[in-house]
Amino acid sequence: MRPMNQETLGILRCPGCHGAYRLEAGSVLQCGGCGVQVPMVEGFAHFGEAQLAGEPVPRDLQVNHAGAYRRFLDQKRQRAVFDCYAAFQPFNESTRALLPLVPLLRETLRPGDRILDLWGRTGYSGELLAGLFPEQRVVSLWEGDAGVLGYLGYRHWLGEGARAANLDVLFASPEKPLPLATGAFAIVHGLDTLHRYGLLPLLAECFRVCAADGIVVFPHVHLANSEPEPYFDRGGRIAHGRVYREHFARTLAEEPRRAYILSEARLFEEGDGLELRDDADMAHYNGLALVGSRSWEGRHLALPGLPDRGYLLPNPLVAVDPLDGRPRPAPNALGGTAADLFMRHPIYHRRLARRLPERLTLLQRQLLYWAERAVPLEALPTRVGRAESDVRAAVASLVELELAQAVPVSAAMARLYAFYAGRDAEAPSTFPALWERAGARYGAQPLVVAPDGRGDFSFTDAEDVTSGLAAFMTAHKIRRVALVARPHVEYLLAVWACLRAGVVVAPLDAEAPRAEVLGLLERLEPDLVFVDEARLSLARGQAARWVVFDEDDVASAPAQAFAEVLQPWLGQAAPACDVAADDVAVVLFTSGSTGRAKGVELTQGALCRSAALMARVGGWREGDRLLSQAAFHSMSGFRNPAVAALASGATVVVPVLEDLHPVAVMARCAAERVTVLGTVPAFLAGLGDRPLARHNLRLALVTGARLAPEVAARAEATLGVPVVDYFGLTETAGICASAAPEAVREPGAVGRPVGAIAAIVDPTGEPVAPGEVGELWIYGDNLMRGYFRDPELTAAAFQDGWLRTGDLARSDGAGGIVLVGRRDDRIKTVRGELVYASEVADALAAHPGVAEVAVVPYTGAEGYQHLAAFVVPAAAELPETTLRDHVAARCGIHKVPALIRQVTTLPRGGSGKVRTADLLESLYGDRTV
């Protein structure tokens with residue numbers, strides 16, 4: 001933390017006697033005249049808290065209340081309480097009316113000159129001035145301790161060392177004598193102040209602290225020249241432009257300066273090229289008062305160009321469809337307050353409606369995505385992998401279209417703006433940061449419930465164990481860990497220790513064939529492997545160190561018992577480690593539903609962001625009890641209990657995967673008071689309408705396969721709770737689309753993109769027309785780093801930073817994604833017609849006698865492509881003609897599968913996806929096809 005700038009300290013004066021201050025012990029400004037002292041806390045002078053000499057600084061100012069302030073911010077986020085004008089300020093015509101004057105003001109300034117900003121309520125005006133005038137020093141005033149930017153707020157968001165380097169902040173009211181030296185400022189800037197405060201002492205003080213040839217500018221002055229239509233109360237002093245002109249004419253009669261009363265509307269609409277002339281008789285009801293050189297009359301104004309450094313702030317009053325890129329005004333934004341902003345700012349509303357395009361380009365959408373995540377302007381070319389000139393042109397187009405403002409503000413201000421706009425700019429992006437925040441927020445909550453009656457594990461218990469394990473792994477230079485075990489408490493503890501220590505963790509399918517597991521271990525080359533007793537035989541002949549989860553705290557060679565390894569390290573603090581958001585955190589092996597297993601590398605940041613997104617979309621909250629049925633080696637099975645629970649304060653109920661019968665699962669839900677159940681469509685299909693044990697569920701989350709609308713509706717009726725379907729790939733760190741519970745379901749619908757943007761494109765990579773089928777691409781910061789040790793496969797998966805999912809989809813016309821199949825699950829019939837396996841599967845799933853179904857393409861002996869359907873009946877086996885007639889009625893006779901087999905179960909992986917490779921193997925083993 002840097003102290004207040006010495007030159008700024010040098011111009012501070014006592015408002016009572018105008019004596020100079022001296023800094024005493026770094027915490028008090030002492031007036032050399034009257035002796036009154038002003039508390040100085042973390043570089044901020046608190047003139048509203050002035051005291052008599054010798055009085056102690058109030059304790060409330062000295063104590064760091066950062067924890068309380070963060071809780072205040074959390075409450076505002078949770079309650080969706082918005083400061084709509086703070087979010088609108090970069091786009092507001094009142095703020096932007098100054099911009100055409102900037103080149104003129106720059107001409108008058110010398111390096112080292114000072115600028116006074118009278119009203120720093122949101123922090124933005126001071127930051128903007130500091131960026132527009134980087135060679136000058138800006139002093140911004142804020143009057144008190146209230147709202148987001150009170151004493152604690154300024155320290156939190158715009159403290160010393162975080163805000164712009166040429167910006168100082170004083171807590172002082174412009175309604176009182178200013179604590180500043182006479183003639184100290186080249187420019188005095190008073191946005192929204194001239195009508196807000198009494199003329200005395202405001203105007204006299206502004207002219208006193210301004211240099212004799214300095215500039216005074218009051219953007220946004222309420223005028224009586226006209227009234228808004230429709231009418232709304234504007235507040236403050238409302239005088240005609242002529243009244244202000246005459247007042248300043250008398251004040252400046254003997255000076256080389258004069259006043260210009262300008263139209264805010266004309267500066268906003270015509271500022272680039274507008275001739276500077278007094279416009280006190282304007283028709284508009286808001287103006288700008290400028291005191292400057294008489295020689296300026298007749299000068300043509302110009303807007304400053306795009307900054308080279310700074311941030312692209314997205315417009316909070318615009319909603320861009322995350323699927324097809326259509327921008328529209330969003331009156332429901334900012335908690336519904338945007339509608340009031342549109343009413344109060346008709347000039348801006350008209351401009352927005354006039355400039356918004358029909359559809360954005362993929363590059364424009366990418367840039368807006370990163371703008372929402374406060375990525376600096378200068379980093380955007382790297383983020384999108386495009387030439388700087390292309391990016392700069394696209395940024396200019398977004399500004400012209402009113403979709404964003406490119407402004408030279410600090411990273412701290414960009415984060416604060418994100419908060420104003422309703423985004424969590426401070427969410428942890430590494431697991432160690434998430435763990436620390438979870439402990440501070442939810443430390444009193446039980447963290448894990450064991451499946452074997454061993455009770456709850458508190459956060460304190462987990463802290464001790466994971467700290468010790470992290471210390472052990474750091475001391476032994478462990479860099480990569482594999483886990484091959486059924487779900488246990490110790491499994492989670494080991495994962496948390498790895499993630500805290502920056503160790504890459506790779507959970508493997510404990511039920512996979514031995515040869516497959518050994519092959520993955522050979523590819524991974526882990527330094528350490530955790531297993532359970534049933535898989536201990538895997539350790540023989542392996543070079544890595546092995547640790548076994550067991551109940552007896554003993555183990556036979558070549559493995560050590562978990563407790564034996566941990567015991568010497570218990571009580572040790574987790575070592576400090578430099579974990580970055582871009583570091584790989586986990587490798588999850590997936591083959592989707594077919595093919596060789598691919599190791600998907602996900603970063604710390606992707607994992608933490610995906611977890612926070614999952615908790616937000618699912619509406620998880622502190623005190624929830626989560627049971628996730630997916631195996632720990634799958635995306636949702638890993639992220640939801642290991643990371644998302646920490647992001648929300650939920651307690652993890654460890655699953656028992658040996659018995660996933662719906663009756664047994666629901667009995668466990670009842671016994672463990674589970675409130676959120678993570679499951680797969682097959683489980684919901686198996687529920688039927690059987691009576692269930694009384695339970696505490698309030699939500700069922702479903703992923704892993706297509707959810708038939710009929711299955712979802714029956715499950716909601718049976719469970720009595722909403723069923724939330726979400727879609728994602730391991731390559732997207734899971735969730736990237738979700739359907740609201742109240743959404744109308746149709747076959748293949750997976751909801752709207754969340755935490756990402758999507759596009760449906762043709763084979764050339766160009767977006768298709770709405771409603772047309774194309775390949776689904778996903779873009780965002782939760783995408784995988786790549787495939788483990790497979791750069792060629794990684795390169796093939798991406799196009800200009802977009803993940804090519806291989807899924808074929810269309811838009812539902814309302815921003816939702818409807819999956820129609822995969823590139824490799826469609827066939828062309830002998831008649832030349834395209835048929836999607838997923839369409840036929842949806843039709844069969846809609847039959848009330850069908851519990852589960854999978855449809856796969858295959859090539860017959862004659863060389864033609866066909867579809868084979870594998871059907872699990874809900875009860876008795878169905879006549880094949882019934883199923884064929886059902887498909888024909890819903891899809892057409894030419895889409896009826898060539899082969900329909902009725903089976904007792906479908907082969908599934910740990911994520912719940914059907915293993916189509918097994919189905920095809922059984923199919924090609926039949927010589928009759």
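Scanning both residues, Pro316 and Leu334, for their nearest heavy atoms gives CB-CD2, 4.1 Å. Closest non-hydrogen pair, Asp583 versus Ala580, comes out as OD2-N, 2.9 Å. In terms of heavy-atom proximity, Arg423 sits nearest to Glu372 at NE-O, 3.0 Å. In terms of heavy-atom proximity, Leu158 sits nearest to Met413 at CD2-N, 3.9 Å. What you find for Ala597 and Arg523 is that their closest heavy atoms are O-NH1, 3.1 Å. Summarising the geometry of Ser636 relative to Pro641, their closest heavy-atom pair is O-CD, 3.6 Å, with the distance given to 0.1 Å.
In this view, Pro575 and Ala470, Ala471, Thr474 satisfy the side chain to side chain contact (heavy atoms under 4.5 Å, CB included) rule, not counting sequence neighbours. In terms of the side chain to side chain contact (heavy atoms under 4.5 Å, CB included) criterion, residue partners of Arg616 (sequence neighbours excluded) are, by chain and number, Leu613. For Glu622, there are no salt bridge (charged side-chain N to carboxylate O under 4.0 Å, His left out) partners, not counting sequence neighbours. The side chain to side chain contact (heavy atoms under 4.5 Å, CB included) search around Arg71 returns Ala68, not counting sequence neighbours.
With respect to Asp83 and Lys76, no salt bridge is recorded, no charged nitrogen being found less than 4.0 Å from a carboxylate O. Salt-bridge annotation for Arg789 and Glu601: absent, with no side-chain N of the basic residue lying under 4.0 Å from a carboxylate O of the acidic one. With respect to Asp790 and Lys598, no salt bridge is recorded, no charged nitrogen being found less than 4.0 Å from a carboxylate O.
A salt bridge (Lys or Arg N to Asp or Glu O under 4.0 Å) check over residues 430-442, counting only residues at least two apart or in different chains, returns the pairs Asp74-Arg441. Among residues at least two apart or in separate chains, salt bridge (Lys or Arg N to Asp or Glu O under 4.0 Å) pairs with a member in residues 470-488 are Arg486-Glu511, Arg486-Glu658.
No hydrogens or angles considered: a donor-acceptor pair under 3.5 Å links the side chains of Thr675 and Asp624. Side chains of Arg383 and Gln366: no donor on one and acceptor on the other come within 3.5 Å.
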Check: side-chain contact (heavy atoms from CB on, under 4.5 Å) between Val680 and Gln629: does it pass, once the steps are laid out?
Finding: CA-CA 8 Å; Val680 295; Gln629 289 182 257; over 6 Å; no
Next item on the list: Kindly indicate, with the supporting measurements, whether the criterion side-chain contact (heavy atoms from CB on, under 4.5 Å) is fulfilled by Cys736 and Phe727.
Entry: CA-CA 6 Å; Cys736 63; Phe727 166 78; 3.9 Å; yes
Note to self: side-chain contact (heavy atoms from CB on, under 4.5 Å), that's the test. Do Val721 and His695 meet it? Break it down for me.
What the structure shows: CA-CA 11 Å; Val721 301; His695 58 76; 4.3 Å; yes
Next item on the list: Kindly determine whether Thr732 and Leu803 satisfy side-chain contact (heavy atoms from CB on, under 4.5 Å), including the steps that lead there.
Entry: CA-CA 8 Å; Thr732 63; Leu803 178 73; 3.7 Å; yes
Check: Passes ring-ring contact (aromatic ring centres under 6.0 Å, His included), Phe72 versus Tyr69? Steps please.
Finding: CA-CA 5 Å; Phe72 161 75; Tyr69 183 74; 5.6 Å; yes
Note to self: Set out, in order, the CA-CA distance, both residues' side-chain angles and the distance that settles side-chain hydrogen bond (donor to acceptor under 3.5 Å, both in side chains) for Asn782 and Ser610, then state yes or no.
What the structure shows: CA-CA 7 Å; Asn782 292 347; Ser610 175; 5.0 Å; no
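With Arg500 contributing its side chain and Phe431 its backbone, the two residues share no donor-acceptor pair below 3.5 Å. Judged by distance alone, the side chain of Tyr726 and the main-chain N or O of Gly618 form no donor-acceptor pair under 3.5 Å. Not a single donor-acceptor pair under 3.5 Å links the side chain of Asn640 to the backbone N or O of Gly637. Checked by atom type and distance alone, the side chain of Thr679 never pairs as donor or acceptor with a backbone atom of Val702 at under 3.5 Å. Between the side chain of Ser634 and the backbone N or O of Ala630 there is no donor-acceptor pair closer than 3.5 Å. Judged by distance alone, with hydrogens and angles left aside, the side-chain atoms of Arg373 form a donor-acceptor pair with the main-chain N or O of Tyr369 at under 3.5 Å. A donor-acceptor pair under 3.5 Å is absent between the side-chain atoms of Tyr442 and the main chain of Leu447, judged by distance alone. The main-chain N or O of Ser410 is found under 3.5 Å from a side-chain atom of Glu127 such that the two form a donor-acceptor pair. Arg752 places no side-chain N or O within 3.5 Å of a backbone atom of Ala737 that could act as its donor or acceptor partner. Side chain of Thr794 to main chain of Tyr787: a donor-acceptor pair is present (N/O by atom type, distance under 3.5 Å, no hydrogens or angles).
A perpendicular orientation is assigned to the rings of Tyr779 and Trp370, their planes being inclined by more than 60° (bins at 30° and 60°). Between Phe472 and Trp569, the two ring planes are perpendicular [angle over 60°; tilted spans 30° to 60°].
The distance from the CE atom of Met614 to the OG1 atom of Thr703 is 8.0 Å, given to the nearest 0.5 Å. Within the model, atoms CG of Leu524 and CG of Leu520 stand 6.5 Å from one another, a figure rounded to the nearest 0.5 Å. Here the CD1 atom belonging to Ile778 is positioned 11.5 Å from the CD atom belonging to Glu731, to the nearest 0.5 angstrom. Rounding to the nearest 0.5 Å gives a distance of 5.0 Å between SG of Cys669 and CG of Leu697.
The one candidate from Val505, Leu528, Val586 that meets the side-chain contact (heavy atoms from CB on, under 4.5 Å) condition with Cys498 is Val505. Checking Asp509, Leu483, Leu508, Val484 one by one against His633, the side-chain contact (heavy atoms from CB on, under 4.5 Å) holds for a single residue, Asp509. Exactly one residue among Trp546, Phe549, Tyr491 makes a ring pair (Phe, Tyr, Trp, His ring centres under 6.0 Å) with Phe530. That residue is Phe549. The only member of Val665, Thr651, Leu627, Val449 that meets side-chain contact (heavy atoms from CB on, under 4.5 Å) when paired with Val674 is Leu627. With respect to Val504, the side-chain contact (heavy atoms from CB on, under 4.5 Å) criterion is satisfied by exactly one of Val584, Leu499, Asp527: Val584.
Between Phe457 and Val652, every side-chain heavy-atom pair lies at or beyond the 4.5 Å cut-off. Contact annotation: the side chain of Pro507 approaches that of Leu588 to within less than 4.5 Å [non-hydrogen atoms, C-beta and beyond]. In this structure, the side chains of Asp456 and Val448 stay at 4.5 Å or more apart for every pair of heavy atoms. Side-chain contact between His476 and Arg545 is present, with at least one heavy-atom pair separated by less than 4.5 Å.
Aromatic pair Trp157/Phe419: ring centres closer than 6.0 Å.
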